Chemist: 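Mind looking over this structure? Questions follow.
For the single chain, residues carry numbers from 1 onward in sequence order. Source: prediction; values computed, not measured.
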Amino acid sequence: MKKSYVADAVLLGVTLVWGLMFIVVKVALDVIPAVSYLAVRFGLASLFLLVVWRLLPARQRGRLTGQTALSGAVLGFFVYGGFTGQTIGLLYTTASRAGFLTGFLVILVPLLSRLLFQTRISKLMMLGITIAFIGLGMLSIDKAEPFQWGDAVILAGALAFAIHIVLTDRLTAKHDTYPLVLMQLATVSILCFFTSLFNDDWRSAYRWEVLFEPKVLLALVIGSLVATTFAYWAQTHFQRYTSPSHTALIFATEPIFAAWGGYWVAGERMTTQAVIGACLILVGILITEIKRPEETVSETTLVIKPDMDGYAPLSPPPTQQTEAGSAS
């Protein structure tokens with residue numbers, strides 16, 4: 001079997017996990033406060049990645065310098081903003097809507113690149129952005145399911161994820177990737193922990209009975225090990241066998257899995273207008289990710305996926321990145 005087929009299958013599996021994490025986390029939030037959940041989840045992911053990093057041969061570890069720590073902290077701050085917005089937003093909206101609105105960050109990335117770094121936006125990109133905006137309006141302005149506070153919070157989280165992706169494109173080439181990722185994950189955990197001291201009933205949230213409650217334990221295990229650490233490793237390892245655009249196209253299916261999970265697991269329903277709006281958002285995303293001639297499979301790039309579950313590259317980025325491919 002061709003390695004490209006294996007890569008596509010693995011990346012699609014990762015995307016499936018990211019999409020289903022929306023409903024898994026939403027269920028867990030019935031038991032544990034959102035920010036406390038993130039503090040524990042990213043703390044576990046940091047510890048696991050630290051163990052893996054220390055077990056690597058010395059030549060593969062890279063060096064944790066002061067500049068790497070600072071860059072990782074900056075990137076981690078925006079990951080923190082993205083995940084807190086996404087997870088808190090899930091308290092006030094459905095998992096399916098959260099999945100589609102988070103997918104909108106793929107549109108925000110080229111816009112931010114244009115604004116901050118004068119990156120050219122093609123006519124095809126503008127078409128995709130326009131279609132996605134129309135879809136967002138149909139999804140949000142729905143009499144049966146009006147635009148909610150949670151939708152706005154999730155969009156704010158998507159903006160934070162988009163800023164993270166744009167900054168990652170500029171910072172990762174200057175630092176060793178494993179320590180940079182470790183600093184990002186640790187920063188998210190620390191920021192979430194201190195936020196929980198003021199925002200959550202942390203004395204109750206961090207009790208063993210809460211952390212080992214089946215719903216919470218499932219979200220923590222899948223979120224920290226599978227949807228964060230393993231997902232980054234898989235993305236890094238298999239990205240080399242396919243193109244960045246193809247990877248981003250696969251990651252763009254995350255909202256479909258989120259909606260599917262919301263429908264089958266939680267019994268969530270969407271009106272016809274909302275379904276059409278969601279489809280238009282997805283069409284807009286796919287149009288922006290149509291393969292561009294200058295991209296080749298041989299590029300040592302990492303398309304960064306914002307999800308419910310993590311956004312951190314473990315390999316050098318492209319010189320110009322306008323694709324995204326979380327969170328849960």
Chemist: Does a side-chain heavy-atom distance below 4.5 Å link N199 with P33?
Modeler: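 The answer is no, as the side chains (C-beta and beyond) never meet within the 4.5 Å cut-off.
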Chemist: Do NZ/NE/NH1/NH2 and the carboxylate oxygens of E213 and K215 come within less than 4.0 Å?
Modeler: no
Chemist: Do M21 and I222 come close enough that some side-chain heavy atom pair is under 4.5 Å?
Modeler: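 They are in side-chain contact.
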Chemist: Mind listing the closest non-hydrogen atom pair of A227 and V17 along with its distance?
Modeler: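 Closest approach of A227 to V17, heavy atoms only: CB-CG1, 3.9 Å.
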Chemist: Write down the atom of S46, the atom of A186, and the distance for their closest heavy-atom approach.
Modeler: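 Heavy atoms only, the tightest pair is OG-N, 3.2 Å.
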Chemist: As a quick check of understanding, evaluate side-chain contact (heavy atoms from CB on, under 4.5 Å) for V226 and V221, giving each step before the final call.
Modeler: CA-CA 7 Å; V226 181; V221 171; 5.6 Å; no
Chemist: Please tell me if the side chains of L225 and F230 come closer than 4.5 Å, counting only heavy atoms from C-beta onward.
Modeler: no
Chemist: One pair to check against side-chain contact (heavy atoms from CB on, under 4.5 Å): D151 and Y92. What are the steps and the verdict?
Modeler: CA-CA 8 Å; D151 297 335; Y92 307 102; over 6 Å; no
Chemist: Look up atom CG in L180 and atom CD in Q67, then write down how far apart they are to the nearest 0.5 Å.
Modeler: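 Between atom CG of L180 and atom CD of Q67 there are 11.5 Å.
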Chemist: Measure the spacing between OH of Y206 and OG of S36 and express it to the nearest 0.5 Å.
Modeler: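 Taking OH in Y206 and OG in S36, the distance rounds to 4.0 Å.
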Chemist: If two hydrophobic side chains count as joined below 4.5 Å and joins carry through other members, does F212 share a cluster with V216?
Modeler: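 Same hydrophobic cluster.
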Chemist: So do the side chains of F83 and F161 get within less than 4.5 Å of each other, counting heavy atoms only?
Modeler: yes
Chemist: Using the rule that two of Ile, Leu, Val, Met, Phe, Trp, Tyr join whenever any of their side-chain heavy atoms come within less than 4.5 Å, decide whether L217 and W208 are in one cluster.
Modeler: yes
Chemist: Test of understanding: clusters of I, L, V, M, F, W, Y form through side-chain heavy atoms closer than 4.5 Å, transitively. Do V74 and V188 belong to the same one?
Modeler: yes
Chemist: Are L47 and V40 grouped together when hydrophobic residues (ILVMFWY) are joined by side-chain heavy atoms under 4.5 angstrom apart?
Modeler: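 L47 does not cluster with V40.
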Chemist: Indicate yes or no: at least one non-hydrogen side-chain atom of C192 is less than 4.5 angstrom from one of T84.
Modeler: yes
Chemist: At their closest point, which heavy atom of G72 faces which heavy atom of T187, and how far apart are they?
Modeler: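 Looking at all heavy atoms of both residues, the closest pair is O-OG1, 4.1 Å.
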Chemist: Testing the basics here: between I131 and L280, what is the closest heavy-atom pair and its distance to 0.1 Å?
Modeler: CG2-O, 3.4 Å
Chemist: I need the minimum non-hydrogen distance between L220 and R41, along with the two atoms involved.
Modeler: CD2-N, 3.7 Å
Chemist: Look up atom CD in Q184 and atom OG1 in T68, then write down how far apart they are to the nearest 0.5 Å.
Modeler: 11.0 Å
Chemist: Using 0.5 Å steps for rounding, measure from the CG atom of D30 to the CG atom of L91.
Modeler: 8.5 Å
Chemist: If you take all heavy atoms of A69 and L64, which pair is closest and at what distance?
Modeler: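 Minimum heavy-atom separation between A69 and L64: N-CD1, 4.2 Å.
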Chemist: Does any donor atom in the side chain of S196 or Y37 lie under 3.5 Å from an acceptor atom in the other side chain?
Modeler: no
Chemist: With a 4.5 Å cut-off on side-chain heavy atoms, are L49 and Y178 touching?
Modeler: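 Result yes, sub-4.5 Å side-chain heavy-atom pair found.
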Chemist: Taking C-beta and beyond as the side chain, do L38 and F193 meet within less than 4.5 Å on heavy atoms?
Modeler: no
Chemist: Take L55 and V51, measure what side-chain contact (heavy atoms from CB on, under 4.5 Å) needs, and give me the verdict at the end.
Modeler: CA-CA 6 Å; L55 291 176; V51 171; 3.9 Å; yes
Chemist: Starting at CG of L11, measure out to CG of L16 and round the result to the nearest 0.5 Å.
Modeler: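 Answer rounded to 0.5 Å: 12.5 Å.
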Chemist: Report the distance from atom CZ of R207 to atom CD1 of I32, rounding to the nearest 0.5 Å.
Modeler: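 CD1 of I32 is found 10.5 Å from CZ of R207.
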Chemist: Do I163 and L112 touch side chain to side chain, with heavy atoms closer than 4.5 Å?
Modeler: yes
Chemist: Report whether F198 and F42 are members of the same hydrophobic cluster (ILVMFWY, side-chain heavy atoms less than 4.5 Å apart, transitive linking).
Modeler: yes
